[in-house]
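Because only heavy atoms are used, hydrogens play no part in the values below, and waters and symmetry mates are left out as well, while side chains stay in. Numbers here simply count residues along the sequence, with the first being 1. Just follow the structure's listing: the first ligand is 1, and inside any ligand the first atom is 1.
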Amino acid sequence: MTLRWGIVSAGFICADFVNALNTFPEKGDQAVVAVAARDKSKAAEFAKTFNIPKVFDSYEALAKSDDIDIAYIGTLNPYHYELSKLFLENDKHVLCEKPLCLNAKQSESLIKLATKKNRFFMEAVWSRFSPAYLDLEKEIESGKLGEVRLVQGNFGFACESERMFKKEYGGSAVLDIGIYLLQISQYVFKEEPKNVTTVGIRGETDVDISETVILEYSNGKRAVLNIDATLKLDNHTTIYGTKGSYKLHEPFHFPLETTGSDGSLKSFPLHTSSIPYNFGPNSPGLAYQTLEIAKCIRAGKIESPRMSHKETLVLARLMDTVRKQLGVHYDADDKEYP
Ligand SMILES: *[C@@H]1O[C@H](CO)[C@@H](O)[C@H](O)[C@H]1NC(C)=O
Ligand SMILES: *[C@@H]1O[C@H](CO)[C@@H](O)[C@H](O)[C@H]1NC(C)=O
């Protein structure tokens, strides 16, 4: 049976997601069948561009319809919680953009709901499904790197988007881009850090804009992560072991090239589309996670072992800690969630 996707919002990331999925040669039996946005004309234009048969002018109507099996939520951060809740409550599976929520309390509440409703639920940490990440994992498991002891990564650019800075949009460098560095460290070390140290600054709007996070793991293993919404960084991440290193090239969060532990350059080309993407050259990679999701749903699973609910909670708690260490507070931090 076709896995029928409904797209929640007609913004930039939704466009890249649909563009990637529509053109993905390996997508199998999946289709984007509906889109909803608050502005119906925007949704209609989006549907026309991407050949989507149905348009809804409210998220509620899409959630209640029998036309879709799974929702892809690509709105601004502050709406992720309410919208994931809406679709789960209406018995839909949900893939929600990262960061899943503004804080760990909200994420915990949604995971409880997904479990109760027995619906698949995942934070769209698409990096985890990158062929380059699979290759890195293979090299680590084969012992080529020896004991991995250090992860060093940079993600930064002089950002101009309000999304990054406005508190009411859930702005925050760690939530917007830092999550990618936190997830690569967690992907490599597979344990919760015993200590987190953040040095950085808040901008004029009182959200974090530039920081270095040091994660300390067992036996002195650590990650040093530079997150920056004010400086252009090289966006590389290197994984250092006692026998060798592995480098994920820019953009490390879904790289097209890596340098293996033997020094060889490896390529991971992606499919193409005649429609241009809004974000980087790696946007076609957004489609890879859907293969895993379709497989999990067909097997009756509510989470993927490659990006589990537990993993989402670890990342959410790390982001809470980084924000706290830099004094960034959201109204949602004062609320309780069921
Ligand atoms: C974490 O690191 C800070 C700063 O170095 C230190 O003050 C604190 O004791 C450490 N906490 C733990 C649990 O090791
Ligand atoms: C790092 O990533 C950002 C965001 O995608 C991009 O604007 C910037 O140019 C990248 N840096 C390099 C050196 O390519």
J.: Can you sort out which atoms of ligand 2 are near Glu250, meaning under 4.0 Å from one of its heavy atoms?
T.: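 Answer for ligand 2: 1 (C), 2 (O), 10 (C), 11 (N), 12 (C), 14 (O).
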J.: Got the closest protein heavy atom to atom 5 (O) of ligand 2, with its distance?
T.: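 For this ligand atom, the closest protein heavy atom is Phe155 CE1, 4.3 Å.
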J.: May I ask whether Phe279 places a heavy atom under 4.0 Å from ligand 2?
T.: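 Phe279: no contact with ligand 2 (<4.0 Å).
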J.: Main chain of Gly156, side chain of Asn235: is a donor-acceptor contact present, judged purely on distance under 3.5 Å?
T.: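 Yes; at least one donor-acceptor contact below 3.5 Å.
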J.: Please determine whether any non-hydrogen atom of Leu233 lies less than 4.0 Å from an atom of ligand 2.
T.: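 Distance cut 4.0 Å: Leu233 passes for ligand 2.
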J.: Check whether any side-chain heavy atom of Glu139 sits under 4.5 Å from a side-chain heavy atom of Tyr246, and report yes or no.
T.: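 When only atoms from C-beta onward are counted, Tyr246 and Glu139 do touch, with a gap below 4.5 Å.
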J.: What do you reckon, does Asp234 have a nitrogen or oxygen under 3.5 Å from a nitrogen or oxygen of ligand 2?
T.: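 Looking only at distances, the answer is no, because the N/O contact criterion of under 3.5 Å is not met.
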J.: When you compare the side chain of Val213 with that of Thr321, does any pair of heavy atoms fall below 4.5 Å?
T.: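 No; the side chains remain at least 4.5 Å from each other.
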J.: Got the closest protein heavy atom to atom 7 (O) of ligand 2, with its distance?
T.: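 The closest heavy atom on the protein side is Phe157 CB, 3.5 Å.
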J.: Do Lys221 and Tyr217 meet the cation-pi criteria used here (NZ or CZ under 6.0 Å from the six-membered ring centre, within 45° of the axis)?
T.: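 No, Lys221 and Tyr217 do not form such a contact.
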J.: Quick one: which of Asn282, Asn154, Asn235 has a heavy atom closest to atom 1 (C) of ligand 2?
T.: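 Heavy atom nearest to atom 1 (C) of ligand 2 belongs to Asn235.
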J.: With ring pair (Phe, Tyr, Trp, His ring centres under 6.0 Å) as the test, pick out the partner of Tyr288 among Phe254, Phe268, Phe129, Trp126.
T.: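 Running ring pair (Phe, Tyr, Trp, His ring centres under 6.0 Å) over Phe254, Phe268, Phe129, Trp126 with Tyr288 returns exactly one hit, Phe254.
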J.: Please verify whether a non-hydrogen atom of Gly156 lies at under 4.0 Å from ligand 2.
T.: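 Yes.
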J.: Rounded to the nearest 0.5 Å, what separates atom OG in Ser107 from atom CZ in Phe121?
T.: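 Reported to 0.5 Å precision, the distance equals 7.0 Å.
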